[in-house]
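No experiment lies behind these values; they were computed from the predicted model shown.
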Amino acid sequence: MSDAALELRGVRRVFRTEAGELPILRGADLLLVPGEIVALVAPSGSGKSTLLHLAGLLERPDGGKVLVRGRDAGTLPDRERTAIRRDSIGFVYQFHHLLGEFSALENVVLPQMIAGVPKRAAQQRARKLLASFGLAQRVDHLPGKLSGGEQQRVAIARALANAPAVLLADEPTGNLDVATAEGVFAELLATVRTHGVAALIATHNPDLAARMDRTVTLREGRVVPVP
């Protein structure tokens with residue numbers, strides 16, 4: 001079995017439109033190992049979101065393989081793909097997508113309980129994660145009572161709640177002001193490294209990309225390194 005947390009092998013994705021087929025990915029290869037943080041810097045329309053969706057098992061490839069912890073998940077039945085996504089993959093988006101009727105603590109507890117974690121253990125882990133993001137005094141607040149930066153910190157804690165092998169983030173600080181984004185990103189990097197998660201983080205910010213282990217981009221439907 002591969003030591004990679006996530007591996008894409010020759011992944012292809014074609015969108016079918018009224019005008020015909022539109023190839024987006026043309027044999028993309030990518031390997032992430034535990035503890036590695038990779039920046040994905042690519043222009044709009046290049047297939048960045050498609051790549052993240054395929055890596056996160058939200059879409060199926062038209063060819064190639066998507067391996068999570070060495071297991072080819074690209075062709076599994078939906079139920080098994082959902083289980084892998086729940087247990088092994090965390091997502092962070094530009095907008096936090098928190099459940100507004102639940103507190104910060106409950107937002108981080110919920111995915112754990114869905115995965116079968118007992119409530120007390122889920123609460124203990126949620127409190128620990130939220131504290132690591134400086135939110136120990138805000139755990140009982142609803143999202144509407146939190147600042148934008150605090151909301152995104154809760155979203156990151158939620159993504160890490162089930163101890164995923166892979167973290168996928170799409171412009172995780174793109175909706176925040178510069179100062180807040182800097183703080184949230186620093187905490188994200190520190191937490192991901194502490195937990196040994198393999199992370200793929202899409203960003204348009206070259207300064208943030210420079211702080212990661214390496215940078216890749218998409219060119220003609222393939223993943224290529226950025227020197």
Could you tell me if the side chain of [Y] sits less than 4.5 Å from the side chain of [X], heavy atoms only?
X	Y	result
Asp78	Arg60	yes
Val38	Leu32	yes
Thr203	Val41	yes
Thr50	Phe15	yes
Arg12	Pro23	no
Leu167	Leu188	yes
Asp170	Ser49	yes

Mark yes or no for whether [X], through its side chain, and [Y], through its backbone, hold a donor-acceptor pair below 3.5 Å.
X	Y	value
Arg81	Leu57	yes
Asn162	Asp87	no
Asp213	Glu36	no
Gln112	Val108	yes
Glu150	Ser147	yes
Asn107	Ala155	no

Of all the heavy-atom pairs spanning [X] and [Y], show the shortest one and how long it is.
X	Y	answer
Val11	Lys65	CG2-O, 3.3 Å
Ser88	Arg69	OG-NH1, 3.2 Å
Thr191	Ser132	OG1-OG, 4.3 Å

Evaluation steps, side-chain contact (heavy atoms from CB on, under 4.5 Å), between Leu25 and Leu218: CA-CA 9 Å; Leu25 298 177; Leu218 285 165; 4.0 Å; yes

For the [atom1] atom on [X], are there more than 12 heavy atoms of other groups (residues, nucleotides or ligands in this structure) within a distance under 6.0 Å?
X	atom1	result
Glu220	CD	no
Arg16	CZ	yes
Arg211	CZ	yes
Glu101	CD	yes

Check against side-chain contact (heavy atoms from CB on, under 4.5 Å), Met212 and Ile201: CA-CA 9 Å; Met212 300 187 225; Ile201 302 177; 3.9 Å; yes

Member of Leu40, Thr217, Leu8, Leu30 meeting the side chain to side chain contact (heavy atoms under 4.5 Å, CB included) criterion with Val223: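 Looking at Leu40, Thr217, Leu8, Leu30, the match for Val223 under the side chain to side chain contact (heavy atoms under 4.5 Å, CB included) is Leu30.
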
Candidates Val166, Val68, Leu58 - the one meeting side chain to side chain contact (heavy atoms under 4.5 Å, CB included) with Arg85: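 Only one of Val166, Val68, Leu58 forms a side chain to side chain contact (heavy atoms under 4.5 Å, CB included) with Arg85, namely Leu58.
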
side-chain contact (heavy atoms from CB on, under 4.5 Å) between Arg127 and Leu105, worked out: CA-CA 7 Å; Arg127 289 184 184 280; Leu105 182 70; 3.6 Å; yes

side-chain contact (heavy atoms from CB on, under 4.5 Å) partners of Asp29, counting only residues at least two apart: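 Asp29 satisfies side-chain contact (heavy atoms from CB on, under 4.5 Å) with Arg9 only.
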
His97: ring pair (Phe, Tyr, Trp, His ring centres under 6.0 Å) partners, not counting sequence neighbours: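 Applying ring pair (Phe, Tyr, Trp, His ring centres under 6.0 Å) to His97 gives Tyr93.
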
Derivation and outcome, side-chain contact (heavy atoms from CB on, under 4.5 Å), residues Ile156 and Phe133: CA-CA 9 Å; Ile156 295 169; Phe133 284 102; 3.4 Å; yes

